[in-house]
Amino acid sequence: MAFITIAPPAQPGSLDAPLSGPTKVPGPTTAPAAGRGRLRSGSLRLPWLRLVPSHALLIALAVVSIFPIYWMFVTAFRPSSDALSTNPLPGPLSLENFQYVLKTIPIAGMLANTFGMALTLAVSQLLVAILASYGFARWDFLGKKALYLLFVGSWLVPFQVTMIPNYLLVSQMGLLNTITGVVIPQLCSAFAVMMLRQHLEAFPKDLLDASQMDGRSSWRTLWEVVVPNLRPALAALGIMLFISAWNEYLWPSLIMQKSDALIQVGIRGFLGAEGNNWGAIMAASSLACLPIFLIYIFLQRYVVDAFVRSGLK
(Lines give C-alpha, C1' and ligand atoms only; values in the text may rest on other atoms or scores of the structure.)
Protein backbone atom coordinates (compact mmCIF):
# COMPACT_ATOMS: atom_id res chain seq x y z
CA MET A 1 0.00 0.00 0.00
CA ALA A 2 1.47 3.40 -0.95
CA PHE A 3 1.09 6.51 1.14
CA ILE A 4 1.04 9.96 -0.45
CA THR A 5 2.02 12.90 1.69
CA ILE A 6 0.33 16.16 0.79
CA ALA A 7 2.23 19.23 1.98
CA PRO A 8 0.19 22.11 3.28
CA PRO A 9 0.12 25.23 1.16
CA ALA A 10 2.86 27.69 2.02
CA GLN A 11 1.82 30.83 3.75
CA PRO A 12 2.44 34.05 1.95
CA GLY A 13 5.64 35.64 3.14
CA SER A 14 7.10 32.40 4.55
CA LEU A 15 10.54 31.12 3.66
CA ASP A 16 9.06 27.98 2.04
CA ALA A 17 7.12 29.94 -0.56
CA PRO A 18 8.31 29.04 -4.05
CA LEU A 19 9.82 31.69 -6.21
CA SER A 20 7.43 32.13 -9.08
CA GLY A 21 9.61 34.60 -10.98
CA PRO A 22 11.74 37.72 -10.63
CA THR A 23 10.57 40.21 -8.11
CA LYS A 24 9.28 43.37 -9.70
CA VAL A 25 10.23 46.65 -8.06
CA PRO A 26 7.43 49.17 -8.37
CA GLY A 27 8.50 51.97 -10.66
CA PRO A 28 7.71 55.63 -10.33
CA THR A 29 4.27 56.69 -11.23
CA THR A 30 3.60 58.73 -14.36
CA ALA A 31 2.37 61.74 -12.43
CA PRO A 32 5.86 63.15 -11.70
CA ALA A 33 6.82 62.67 -15.35
CA ALA A 34 3.77 64.60 -16.41
CA GLY A 35 4.70 67.30 -13.92
CA ARG A 36 8.22 67.49 -15.32
CA GLY A 37 6.79 67.81 -18.81
CA ARG A 38 4.63 70.68 -17.73
CA LEU A 39 7.58 72.39 -16.07
CA ARG A 40 9.74 71.87 -19.14
CA SER A 41 7.15 73.30 -21.51
CA GLY A 42 6.55 76.17 -19.12
CA SER A 43 10.25 76.93 -18.97
CA LEU A 44 10.31 77.09 -22.76
CA ARG A 45 7.44 79.52 -22.86
CA LEU A 46 8.76 81.87 -20.19
CA PRO A 47 11.62 83.42 -22.26
CA TRP A 48 9.14 84.38 -24.98
CA LEU A 49 6.96 86.06 -22.40
CA ARG A 50 9.95 88.00 -21.12
CA LEU A 51 10.76 89.22 -24.65
CA VAL A 52 7.29 90.65 -25.25
CA PRO A 53 7.88 94.01 -23.46
CA SER A 54 11.24 94.60 -25.16
CA HIS A 55 9.82 93.77 -28.60
CA ALA A 56 6.83 96.01 -27.96
CA LEU A 57 9.20 98.86 -27.02
CA LEU A 58 11.29 98.30 -30.17
CA ILE A 59 8.16 98.30 -32.33
CA ALA A 60 7.00 101.56 -30.73
CA LEU A 61 10.41 103.19 -31.31
CA ALA A 62 10.42 101.97 -34.92
CA VAL A 63 7.00 103.49 -35.53
CA VAL A 64 8.08 106.80 -33.99
CA SER A 65 11.21 106.83 -36.19
CA ILE A 66 9.49 105.85 -39.44
CA PHE A 67 6.36 107.99 -39.11
CA PRO A 68 8.02 111.35 -40.05
CA ILE A 69 9.38 109.78 -43.26
CA TYR A 70 5.97 108.28 -43.99
CA TRP A 71 4.30 111.65 -43.39
CA MET A 72 6.80 113.38 -45.69
CA PHE A 73 5.95 111.09 -48.61
CA VAL A 74 2.20 111.24 -47.89
CA THR A 75 2.26 115.04 -47.93
CA ALA A 76 4.43 115.10 -51.07
CA PHE A 77 1.91 112.99 -53.02
CA ARG A 78 -1.09 115.08 -51.98
CA PRO A 79 -2.44 118.05 -53.93
CA SER A 80 -0.98 121.35 -52.79
CA SER A 81 -4.37 122.41 -51.46
CA ASP A 82 -4.39 119.41 -49.07
CA ALA A 83 -0.81 119.82 -47.83
CA LEU A 84 -1.97 120.67 -44.30
CA SER A 85 -4.47 117.83 -44.08
CA THR A 86 -4.22 115.68 -40.94
CA ASN A 87 -5.52 112.53 -42.62
CA PRO A 88 -2.85 109.84 -42.04
CA LEU A 89 -3.92 107.90 -45.15
CA PRO A 90 -2.61 108.97 -48.56
CA GLY A 91 -5.06 110.14 -51.11
CA PRO A 92 -6.05 111.45 -53.44
CA LEU A 93 -2.62 110.88 -54.99
CA SER A 94 -1.16 113.67 -57.10
CA LEU A 95 2.21 114.53 -58.71
CA GLU A 96 1.50 118.24 -58.61
CA ASN A 97 4.16 119.00 -55.99
CA PHE A 98 6.88 117.06 -57.82
CA GLN A 99 6.08 118.80 -61.10
CA TYR A 100 6.26 122.18 -59.39
CA VAL A 101 9.64 121.33 -57.82
CA LEU A 102 11.12 120.18 -61.13
CA LYS A 103 9.98 123.40 -62.83
CA THR A 104 11.06 125.76 -60.05
CA ILE A 105 14.56 124.61 -59.09
CA PRO A 106 17.30 122.68 -60.98
CA ILE A 107 17.04 119.77 -58.58
CA ALA A 108 19.07 117.37 -60.75
CA GLY A 109 22.07 119.71 -60.69
CA MET A 110 21.62 120.29 -56.97
CA LEU A 111 21.61 116.57 -56.27
CA ALA A 112 24.77 116.12 -58.37
CA ASN A 113 26.56 118.97 -56.56
CA THR A 114 25.47 117.67 -53.16
CA PHE A 115 26.62 114.16 -54.05
CA GLY A 116 30.04 115.47 -55.12
CA MET A 117 30.36 117.57 -51.95
CA ALA A 118 29.38 114.69 -49.65
CA LEU A 119 31.64 112.23 -51.48
CA THR A 120 34.61 114.61 -51.28
CA LEU A 121 34.09 115.13 -47.56
CA ALA A 122 33.66 111.41 -46.86
CA VAL A 123 36.80 110.44 -48.81
CA SER A 124 38.97 113.19 -47.32
CA GLN A 125 37.81 112.53 -43.76
CA LEU A 126 38.33 108.80 -44.25
CA LEU A 127 41.85 109.31 -45.64
CA VAL A 128 42.88 111.58 -42.77
CA ALA A 129 41.35 109.17 -40.26
CA ILE A 130 43.28 106.21 -41.71
CA LEU A 131 46.61 108.00 -41.48
CA ALA A 132 46.01 109.52 -38.04
CA SER A 133 44.57 106.39 -36.42
CA TYR A 134 47.37 104.24 -37.86
CA GLY A 135 49.93 106.56 -36.30
CA PHE A 136 48.16 106.52 -32.92
CA ALA A 137 47.82 102.74 -32.87
CA ARG A 138 51.17 101.74 -34.40
CA TRP A 139 53.75 103.89 -32.61
CA ASP A 140 54.43 105.29 -29.17
CA PHE A 141 55.77 108.84 -29.20
CA LEU A 142 56.05 111.79 -26.86
CA GLY A 143 52.74 113.55 -26.34
CA LYS A 144 50.68 110.75 -27.91
CA LYS A 145 47.95 110.78 -25.27
CA ALA A 146 47.78 114.56 -25.18
CA LEU A 147 47.46 114.79 -28.96
CA TYR A 148 44.76 112.14 -28.99
CA LEU A 149 42.86 113.99 -26.27
CA LEU A 150 43.00 117.11 -28.44
CA PHE A 151 41.39 115.14 -31.29
CA VAL A 152 38.65 113.90 -29.00
CA GLY A 153 38.22 117.34 -27.46
CA SER A 154 37.76 118.95 -30.86
CA TRP A 155 34.94 116.49 -31.52
CA LEU A 156 33.25 117.46 -28.24
CA VAL A 157 33.38 121.18 -29.00
CA PRO A 158 29.96 122.34 -30.33
CA PHE A 159 29.83 123.46 -33.94
CA GLN A 160 28.39 126.83 -32.92
CA VAL A 161 31.68 127.63 -31.17
CA THR A 162 33.83 127.17 -34.29
CA MET A 163 31.23 128.40 -36.79
CA ILE A 164 32.18 132.09 -36.67
CA PRO A 165 36.00 131.56 -36.86
CA ASN A 166 35.53 129.19 -39.80
CA TYR A 167 33.23 131.66 -41.53
CA LEU A 168 35.78 134.46 -41.14
CA LEU A 169 38.52 132.18 -42.51
CA VAL A 170 36.43 131.19 -45.55
CA SER A 171 35.51 134.84 -46.13
CA GLN A 172 39.15 135.96 -46.06
CA MET A 173 40.00 133.20 -48.55
CA GLY A 174 37.29 134.49 -50.89
CA LEU A 175 35.37 131.20 -50.90
CA LEU A 176 31.94 132.42 -49.87
CA ASN A 177 29.04 131.11 -51.99
CA THR A 178 31.21 128.23 -53.27
CA ILE A 179 31.14 124.49 -52.60
CA THR A 180 34.88 124.67 -51.84
CA GLY A 181 34.13 126.95 -48.92
CA VAL A 182 31.76 124.32 -47.55
CA VAL A 183 34.31 121.51 -47.91
CA ILE A 184 37.62 122.98 -46.67
CA PRO A 185 36.79 123.48 -42.94
CA GLN A 186 35.48 119.91 -42.70
CA LEU A 187 38.30 117.93 -44.33
CA CYS A 188 39.13 116.23 -41.01
CA SER A 189 36.75 114.43 -38.66
CA ALA A 190 37.78 113.69 -35.08
CA PHE A 191 34.93 111.18 -34.83
CA ALA A 192 36.39 109.17 -37.74
CA VAL A 193 39.86 109.19 -36.13
CA MET A 194 38.46 107.96 -32.83
CA MET A 195 36.42 105.17 -34.48
CA LEU A 196 39.28 103.86 -36.61
CA ARG A 197 41.73 104.00 -33.73
CA GLN A 198 39.51 101.56 -31.82
CA HIS A 199 39.63 99.15 -34.77
CA LEU A 200 43.39 99.45 -35.16
CA GLU A 201 44.00 98.93 -31.45
CA ALA A 202 42.34 95.51 -31.84
CA PHE A 203 44.25 94.72 -35.05
CA PRO A 204 46.49 91.61 -34.68
CA LYS A 205 50.06 92.71 -33.99
CA ASP A 206 51.36 89.44 -35.47
CA LEU A 207 50.26 90.54 -38.94
CA LEU A 208 52.14 93.80 -38.58
CA ASP A 209 55.27 92.03 -37.34
CA ALA A 210 55.08 89.48 -40.15
CA SER A 211 54.73 92.25 -42.71
CA GLN A 212 57.79 93.99 -41.27
CA MET A 213 59.77 90.75 -41.43
CA ASP A 214 58.79 90.42 -45.10
CA GLY A 215 60.53 93.72 -45.78
CA ARG A 216 57.49 95.96 -46.12
CA SER A 217 57.75 99.54 -44.99
CA SER A 218 55.18 101.08 -42.67
CA TRP A 219 53.53 102.80 -45.65
CA ARG A 220 53.20 99.55 -47.60
CA THR A 221 52.01 97.71 -44.50
CA LEU A 222 49.22 100.25 -44.10
CA TRP A 223 47.89 99.92 -47.66
CA GLU A 224 48.67 96.26 -48.31
CA VAL A 225 47.88 94.67 -44.94
CA VAL A 226 45.86 96.97 -42.70
CA VAL A 227 43.43 98.63 -45.12
CA PRO A 228 42.33 95.39 -46.90
CA ASN A 229 41.53 93.79 -43.54
CA LEU A 230 39.58 96.86 -42.41
CA ARG A 231 37.44 97.08 -45.53
CA PRO A 232 34.09 96.42 -43.78
CA ALA A 233 34.88 98.95 -41.05
CA LEU A 234 36.01 101.54 -43.60
CA ALA A 235 32.85 100.99 -45.64
CA ALA A 236 30.65 101.47 -42.58
CA LEU A 237 32.51 104.60 -41.49
CA GLY A 238 32.48 105.99 -45.03
CA ILE A 239 28.70 105.55 -45.25
CA MET A 240 28.20 107.35 -41.93
CA LEU A 241 30.47 110.22 -43.00
CA PHE A 242 28.69 110.51 -46.35
CA ILE A 243 25.24 110.61 -44.74
CA SER A 244 26.43 113.17 -42.19
CA ALA A 245 27.78 115.43 -44.94
CA TRP A 246 24.63 114.96 -47.04
CA ASN A 247 22.35 115.94 -44.14
CA GLU A 248 24.40 118.99 -43.12
CA TYR A 249 22.27 122.13 -43.38
CA LEU A 250 23.51 124.88 -41.07
CA TRP A 251 27.04 125.28 -42.47
CA PRO A 252 26.08 125.16 -46.19
CA SER A 253 23.22 127.60 -45.61
CA LEU A 254 25.64 129.97 -43.87
CA ILE A 255 28.31 129.84 -46.58
CA MET A 256 26.01 129.77 -49.64
CA GLN A 257 23.64 132.61 -48.88
CA LYS A 258 23.47 133.75 -52.53
CA SER A 259 23.75 130.38 -54.21
CA ASP A 260 21.42 127.40 -54.45
CA ALA A 261 23.98 124.87 -55.70
CA LEU A 262 23.25 122.36 -52.93
CA ILE A 263 19.95 120.61 -52.31
CA GLN A 264 19.95 121.54 -48.61
CA VAL A 265 20.04 125.23 -49.54
CA GLY A 266 17.73 124.87 -52.52
CA ILE A 267 14.86 123.50 -50.43
CA ARG A 268 14.73 126.69 -48.36
CA GLY A 269 13.65 128.56 -51.50
CA PHE A 270 10.12 127.28 -50.87
CA LEU A 271 10.08 129.10 -47.52
CA GLY A 272 9.03 132.70 -48.04
CA ALA A 273 7.58 135.69 -46.27
CA GLU A 274 4.30 135.25 -48.13
CA GLY A 275 3.91 131.66 -46.96
CA ASN A 276 5.49 128.25 -47.01
CA ASN A 277 4.75 125.78 -49.78
CA TRP A 278 4.77 122.65 -47.62
CA GLY A 279 3.81 120.34 -50.46
CA ALA A 280 6.82 121.43 -52.52
CA ILE A 281 9.09 121.26 -49.48
CA MET A 282 8.04 117.68 -48.81
CA ALA A 283 8.42 116.73 -52.48
CA ALA A 284 11.94 118.21 -52.67
CA SER A 285 12.86 116.55 -49.37
CA SER A 286 11.60 113.21 -50.70
CA LEU A 287 13.80 113.52 -53.77
CA ALA A 288 16.76 114.51 -51.57
CA CYS A 289 16.30 111.36 -49.45
CA LEU A 290 16.25 108.91 -52.36
CA PRO A 291 20.06 108.74 -52.90
CA ILE A 292 20.59 107.97 -49.19
CA PHE A 293 17.97 105.23 -49.29
CA LEU A 294 19.59 103.65 -52.35
CA ILE A 295 23.08 103.79 -50.83
CA TYR A 296 21.92 102.16 -47.63
CA ILE A 297 19.98 99.44 -49.46
CA PHE A 298 23.01 98.40 -51.50
CA LEU A 299 25.67 98.86 -48.81
CA GLN A 300 23.89 97.94 -45.58
CA ARG A 301 25.64 94.55 -45.36
CA TYR A 302 28.96 96.37 -44.92
CA VAL A 303 27.51 98.30 -41.97
CA VAL A 304 26.25 95.13 -40.26
CA ASP A 305 29.51 93.28 -40.98
CA ALA A 306 31.59 96.09 -39.54
CA PHE A 307 29.77 96.19 -36.20
CA VAL A 308 29.86 92.39 -35.91
CA ARG A 309 33.60 92.25 -36.54
CA SER A 310 34.50 95.18 -34.32
CA GLY A 311 32.35 94.09 -31.38
CA LEU A 312 30.95 97.60 -30.93
CA LYS A 313 27.71 97.90 -28.98
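Heavy-atom basis, side chains included; hydrogens, waters and symmetry copies ignored.
Contact annotation: the side chain of Val170 never approaches that of Ile184 to less than 4.5 Å [non-hydrogen atoms, C-beta and beyond]. Within the 4.5 Å cutoff, no side-chain heavy atoms of Leu200 are placed close to those of Phe136. You'll find the side chain of Leu234 reaches within 4.5 Å of the side chain of Leu196, heavy atoms only. In this structure, Leu121 and Leu241 have side chains that are not in contact, with every pair of non-hydrogen atoms separated by 4.5 Å or more. In this structure the side chain of Met194 reaches within 4.5 angstrom of the side chain of Tyr148, judged on heavy atoms. In this structure, the side chains of Leu187 and Val128 stay at 4.5 Å or more apart for every pair of heavy atoms.
For Ser211 against Val225, the heavy-atom pair with the smallest separation is OG-CG2, 3.8 Å. The heavy-atom pair separating Ala288 from Pro291 by the smallest distance is O-CD, 3.4 Å. Taking each heavy atom of Gly238 and Ala122 in turn, the nearest pair found is O-CB, 4.0 Å. Across every non-hydrogen atom of Ala261 and Met256, the tightest pair is CB-CE, 3.6 Å. The two residues Leu262 and Pro252 have their closest heavy-atom pair at CD1-CB, 3.9 Å. Pairing each heavy atom of His199 with each of Ala233, the nearest pair is CE1-CB, 3.6 Å.
A salt bridge (charged side-chain N to carboxylate O under 4.0 Å, His left out) check over residues 175-204, counting only residues at least two apart or in different chains, returns the pairs Arg197-Glu201. Judged as a salt bridge (charged side-chain N to carboxylate O under 4.0 Å, His left out), the pairs with a partner in residues 131-152 (not counting sequence neighbours) are, in order, Asp140-Lys144. Legend: side chain to side chain donor-acceptor pair (under 3.5 Å) pairs involving residues 94-113, not counting sequence neighbours, sorted by first then second residue: Ser80-Glu96.
Residues Trp246 and Ile179 do not share a hydrophobic cluster, clusters being chains of Ile/Leu/Val/Met/Phe/Trp/Tyr side chains in contact below 4.5 Å. Under a hydrophobic clustering in which Ile, Leu, Val, Met, Phe, Trp and Tyr are joined whenever their side-chain heavy atoms come within less than 4.5 Å, directly or via other members, Leu222 and Phe141 fall into the same cluster. Under the 4.5 Å side-chain contact rule for hydrophobic residues, Phe73 and Ile66 do not share a cluster. Linking ILVMFWY side-chain heavy atoms closer than 4.5 Å, directly or via other members, places Leu142 and Trp139 in two distinct hydrophobic clusters. Hydrophobic clustering (ILVMFWY, side-chain heavy atoms < 4.5 Å, transitive): Leu176 and Met173 are in one cluster.
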Does Ser253 form a side chain to side chain contact (heavy atoms under 4.5 Å, CB included) with Arg268? I'd like the steps, not just the answer. CA-CA 9 Å; Ser253 63; Arg268 72 179 180 185; 3.4 Å; yes
Residue pair Leu237, Leu126: steps toward the side chain to side chain contact (heavy atoms under 4.5 Å, CB included) verdict
CA-CA 8 Å; Leu237 182 58; Leu126 201 60; 3.7 Å; yes
Where do Met117 and Thr114 land on the side chain to side chain contact (heavy atoms under 4.5 Å, CB included) test, with the steps shown first? CA-CA 5 Å; Met117 181 269 297; Thr114 307; 4.3 Å; yes
Which is it for Val227 and Leu230 under the side chain to side chain contact (heavy atoms under 4.5 Å, CB included) test, yes or no, and what are the steps along the way?
CA-CA 5 Å; Val227 172; Leu230 291 181; 5.8 Å; no
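For Gln264 (side chain) and Asn247 (main-chain N/O), no donor-acceptor pair under 3.5 Å exists by modelled atom type. With hydrogens and angles disregarded, a donor-acceptor distance shorter than 3.5 Å links the side chain of Asn277 to the backbone of Ala280. For the pair Trp251 (side chain) and Val182 (backbone), a donor-acceptor distance under 3.5 Å is present. Remark: the backbone N or O of Leu61 is paired with a side-chain donor or acceptor of Ser65 at under 3.5 angstrom. Ser133 places a side-chain N or O within 3.5 Å of a backbone atom of Ile130 that can act as its donor or acceptor partner. A distance-only check finds a donor-acceptor pair linking the side chain of Tyr134 to the backbone of Ser218 [under 3.5 Å].
Ring centroids of Trp278 and Phe270 are separated by 6.0 Å or more, keeping the two rings apart. Checked against the 6.0 Å centroid threshold, Phe242 and Phe115 count as a close aromatic pair.
Partners of Trp71 under the side-chain contact (heavy atoms from CB on, under 4.5 Å) rule, at least two apart in sequence or in another chain, are Phe67, Thr75, Arg78, Pro88. Partners of Met72 according to the side-chain contact (heavy atoms from CB on, under 4.5 Å) rule, which considers only residues two or more places apart in sequence or in another chain, are Ile69, Met282, Ser285, Ser286, Cys289.
Ring planes of Phe77 and Phe98: tilted class, angle from 30 to 60°.
Note that CE of Met240 is 9.5 Å distant from OG of Ser189, once rounded to the nearest 0.5 Å. Interatomic distance, CG of Leu111 versus CG of Leu290, reported as 8.5 Å (0.5 Å rounding). Here the straight-line distance linking atom CD1 of Ile292 with atom CD1 of Ile243 works out to 5.0 Å at 0.5 Å rounding.
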Give every donor-acceptor pair under 3.5 Å between a side-chain atom in residues 162-169 and any protein atom, sequence neighbours left out.
| unit_1 | atom_1 | unit_2 | atom_2 | d |
| --- | --- | --- | --- | --- |
| Thr162 | OG1 | Phe159 | O | 3.3 |
| Asn166 | ND2 | Thr162 | O | 3.1 |

